[in-house]
Number of protein chains: 2
Amino acid sequence: MMSVNDNQICKTVLIHEDIVNKVRPLLTASEILSPLSEFFRILGDPTRLKILQALHVSEMCVCDLAFLMKMSQSAISHQLRVLRQANLVKYRKEGKIVYYSLHDNHIKSMMDFGLEHINEKQIIR
Amino acid sequence: MMSVNDNQICKTVLIHEDIVNKVRPLLTASEILSPLSEFFRILGDPTRLKILQALHVSEMCVCDLAFLMKMSQSAISHQLRVLRQANLVKYRKEGKIVYYSLHDNHIKSMMDFGLEHINEKQIIR
DNA sequence: CTAATACATGAGCACATGTTCACATAAAGA
DNA sequence: TCTTTATGTGAACATGTGCTCATGTATTAG
């Protein structure tokens with residue numbers, strides 16, 4: 001009986017057992033790592049990132065966002081739902097109008113941090 | 001003749017023209033915002049994030065990574081290519097073995113930053 | 001040279017994702 | 001009440017993504 005990926009994983013006993021054994025206990029538990037990648041995944045869409053950036057300047061209603069971004073109200077609304085479920089934005093209702101704003105200011109710092117990273121290497125395009 | 005999304009965007013002249021006009025000039029140019037969301041998108045996958053975290057502890061070869069993550073060498077190799085193209089990792093060849101390492105230490109800081117964000121709100125799940 | 005091995009890569013496939021479209025809902029005005 | 005308008009949402013659809021599988025390439029050993 002062969003182990004799961006016997007024909008995929010390297011044939012040697014294990015190339016650097018010492019390294020693997022050193023690294024393994026230092027890995028963040030996947031219960032934590034998974035929400036983290038989920039968080040980055042949410043930020044990894046241009047539409048959502050732009051919405052977040054706009055909301056960092058000012059609270060805005062769905063209509064304003066749609067106009068600002070030249071996108072359909074429906075598309076914006078769908079994305080706002082994603083952002084809501086990820087707890088990145090909150091909203092307040094005033095009659096028919098729903099005003100969205102950032103849940104906190106971490107996202108802005110995160111964006112600045114990312115921009116720094118990008119600017120420090122051979123710039124993408 | 002109607003404008004592009006006349007039946008999608010709100011019917012009012014424009015709900016908060018003042019806000020939109022205030023926000024628009026403060027938005028980061030999409031030439032910059034786009035690479036940023038691209039950067040987050042790369043981090044937004046559990047496999048890639050785990051690879052990066054492992055590489056932060058120690059330089060490792062493809063084989064080690066595959067073993068550590070209980071994934072096929074092919075899958076790891078494909079993801080390493082994505083990370084390479086995004087300039088997040090670099091590699092060095094020694095005979096048959098290819099050692100990968102982080103391109104710089106920004107990623108670790110970014111991960112820590114993200115973890116902070118997650119820990120500060122009602123924890124996911 | 002031949003075989004073995006570490007890694008890379010293209011094709012294929014199942015599944016996730018973002019948008020549009022149509023329609024539902026809720027609030028305000030006539 | 002009936003209409004209008006701001007927003008939410010399910011279904012459909014096209015596209016993107018991550019993995020497997022098969023195979024290619026480079027390097028080393030024999």
Side-chain angles (χ1 to χ4, degrees), chain A residues 4-16 19-20 34 37-38 40-51 59-86 89-100, chain B residues 4-16 19-20 34 37-38 40-51 59-86 89-100:
Chain A
V4 186
N5 284 316
D6 232 29
N7 66 332
Q8 295 288 342
I9 290 199
C10 30
K11 296 297 197 304
T12 47
V13 183
L14 182 52
I15 301 232
H16 305 97
I19 294 185
V20 172
S34 178
S37 68
E38 176 69 10
F40 286 130
R41 194 184 61 78
I42 304 281
L43 298 183
D45 174 80
T47 301
R48 287 193 289 266
L49 204 56
K50 198 169 174 183
I51 291 177
E59 158 187 87
M60 293 181 89
C61 72
V62 181
C63 236
D64 289 343
L65 283 168
F67 181 84
L68 182 67
M69 305 184 56
K70 302 189 201 336
M71 287 178 66
S72 73
Q73 172 268 317
S74 180
I76 299 294
S77 205
H78 276 294
Q79 294 294 11
L80 283 172
R81 182 157 74 128
V82 174
L83 293 173
R84 245 186 298 139
Q85 289 174 341
V89 301
K90 59 188 182 203
Y91 63 96
R92 127 186 116 75
K93 210 169 171 185
E94 200 171 279
K96 285 182 297 186
I97 303 174
V98 180
Y99 293 94
Y100 281 86
Chain B
V4 185
N5 284 315
D6 233 29
N7 66 332
Q8 294 288 343
I9 291 200
C10 29
K11 295 297 196 303
T12 46
V13 183
L14 181 54
I15 301 230
H16 305 97
I19 293 184
V20 173
S34 179
S37 67
E38 176 69 9
F40 284 130
R41 194 183 61 77
I42 305 280
L43 298 183
D45 174 79
T47 301
R48 286 193 290 266
L49 204 56
K50 198 170 174 184
I51 291 177
E59 159 186 87
M60 293 181 88
C61 72
V62 182
C63 236
D64 290 342
L65 284 168
F67 181 85
L68 182 67
M69 304 183 57
K70 303 188 203 331
M71 288 179 64
S72 74
Q73 172 266 316
S74 178
I76 298 295
S77 206
H78 275 295
Q79 294 295 11
L80 283 171
R81 183 157 73 127
V82 174
L83 293 172
R84 244 186 299 139
Q85 289 173 341
V89 301
K90 60 187 181 209
Y91 62 98
R92 127 186 116 76
K93 211 168 170 186
E94 198 171 280
K96 286 182 296 187
I97 303 176
V98 180
Y99 293 94
Y100 280 86

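FYI, side chains are in, hydrogens and waters are out, and symmetry mates aren't considered; it's all heavy atoms of this structure. By convention in this document, chain letters (A, B, ...) are assigned in the order of the sequence lines, proteins followed by strands, and residues within each chain are numbered from 1.
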Any side-chain heavy atom of [X] sitting closer than 4.5 Å to one from [Y]?
| X | Y | value |
| --- | --- | --- |
| A:R48 | B:F40 | no |
| A:R81 | A:S77 | no |
| B:M60 | B:I51 | no |
| B:L65 | B:Q79 | no |

Open item on the list: Ring-plane angle category for B:Y100 and B:Y91, please: parallel below 30°, perpendicular beyond 60°, tilted otherwise.
Closed with: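 Taking B:Y91 first and then B:Y100, their aromatic rings sit tilted (interplane angle of 30° to 60°).
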Atom [atom1] in [X], atom [atom2] in [Y]: separation rounded to 0.5 Å?
| X | Y | atom1 | atom2 | result |
| --- | --- | --- | --- | --- |
| A:R92 | A:I97 | CZ | CD1 | 9.5 Å |
| A:L80 | A:C61 | CG | SG | 10.5 Å |
| B:I19 | A:F67 | CD1 | CZ | 13.5 Å |
| A:S37 | A:I42 | OG | CD1 | 10.0 Å |

Which nucleotide sits closest to the side chain of [X]: [options]?
| X | options | value |
| --- | --- | --- |
| B:M71 | C:dA6, C:dG18, D:dC19 | D:dC19 |
| A:S74 | D:dT9, C:dA8, C:dA26 | D:dT9 |
| A:I15 | C:dA8, D:dT17, C:dA6 | C:dA6 |
| B:C63 | C:dG18, D:dG8, C:dC7 | C:dC7 |
| A:R81 | C:dT20, D:dG10, C:dT17 | D:dG10 |
| A:V98 | D:dC19, D:dA6, D:dT7 | D:dT7 |
| B:Q79 | D:dA6, D:dG18, C:dT9 | D:dG18 |
| A:Y100 | C:dT19, D:dG8, D:dT5 | D:dG8 |

Task: Short side-chain N/O contact from B:S72 to OP1 or OP2 of D:dT20, under 4.0 Å - done: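 So the side chain of B:S72 is within the cut-off, an N or O lying under 4.0 Å from OP1 or OP2 of D:dT20.
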Task: Any B:R41 side-chain nitrogen or oxygen under 4.0 Å from OP1 or OP2 of C:dG18 - done: no
Open item on the list: Please classify the nucleic acid contact of B:Y99 as base, sugar-phosphate, or nothing, using heavy-atom distances under 4.0 Å.
Closed with: nothing
- [ ] Would you mind classifying the nucleic acid contact of B:Y91 as base, sugar-phosphate or nothing, using non-hydrogen atoms under 4.0 angstrom?
- [x] nothing
Open item on the list: Can you tell me whether the side chain of A:Q73 and the base of D:dA6 have a donor-acceptor pair closer than 3.5 Å?
Closed with: no
Nearest-angstrom distance from the residue atom [atom1] of [X] to [atom2] of [N]:
| X | N | atom1 | atom2 | value |
| --- | --- | --- | --- | --- |
| A:L80 | D:dA6 | CG | P | 16 Å |
| B:K96 | C:dA6 | NZ | P | 5 Å |
| B:M60 | C:dC7 | CE | P | 11 Å |
| A:K70 | C:dT19 | NZ | C1' | 18 Å |
| A:I97 | D:dT5 | CD1 | P | 13 Å |
| B:D45 | D:dG16 | CG | P | 17 Å |
| B:K93 | D:dT25 | NZ | C1' | 8 Å |
| B:H16 | D:dA6 | NE2 | C1' | 11 Å |

TODO: Starting from the 5' end of DNA chain C, give me the residue, A:G95 or A:R48, whose nearest nucleotide shows up first.
DONE: A:R48
- [ ] Could you say whether A:A75 or B:R84 is positioned toward the 5' end of DNA chain C, judged by the nucleotide with the nearest heavy atom to each?
- [x] B:R84
Open item on the list: Counting Watson-Crick and G-U wobble pairs with both distances under 3.5 Å, what is the dot-bracket string for DNA chain D, 5' to 3', using [ ] for crossing pairs and | for pairs to another strand?
Closed with: ||||||||||||||||||||||||||||||
Task: Near-parallel close stack of B:H78 and D:dC19 base (under 5.5 Å, under 30°) - done: no
